[in-house]
Amino acid sequence: MADADLDLPPRCCGWTVRDQIAHLADIDEVAAHTVRGGQRSFERIAPAARRRRVHAQRLRSRRHDA
């Protein structure tokens with residue numbers, strides 16, 4: 001891939017290939033922090049997601065108890 005290819009428009013409207021690579025790298029970093037409990041862990045940056053997951057776990061356990 002040539003450097004100029006990074007600025008080509010991908011199938012995802014409004015994003016360049018460079019944007020997509022940066023997004024994937026950021027997601028990878030967040031995943032690593034989540035596993036290690038780091039500063040950018042998903043639990044810290046998305047508390048609402050944690051609440052939804054806890055709610056989903058409660059619903060699943062109710063189904064199993066029924």
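Along the sequence shown, residues carry numbers from 1. As a basis for the values below, the full set of heavy atoms in this structure was taken, side chains included, without hydrogen atoms, waters or symmetry mates.
Separating the NE2 atom in H23 from the CG atom in D28 is a distance of 11.5 Å, to the nearest 0.5 Å.
Under the side chain to side chain contact (heavy atoms under 4.5 Å, CB included) criterion, L6 pairs with M1, D3, V17, R18, I21, not counting sequence neighbours.
Here the side chain of D19 pairs a donor or acceptor atom with the backbone of T16 at under 3.5 angstrom.
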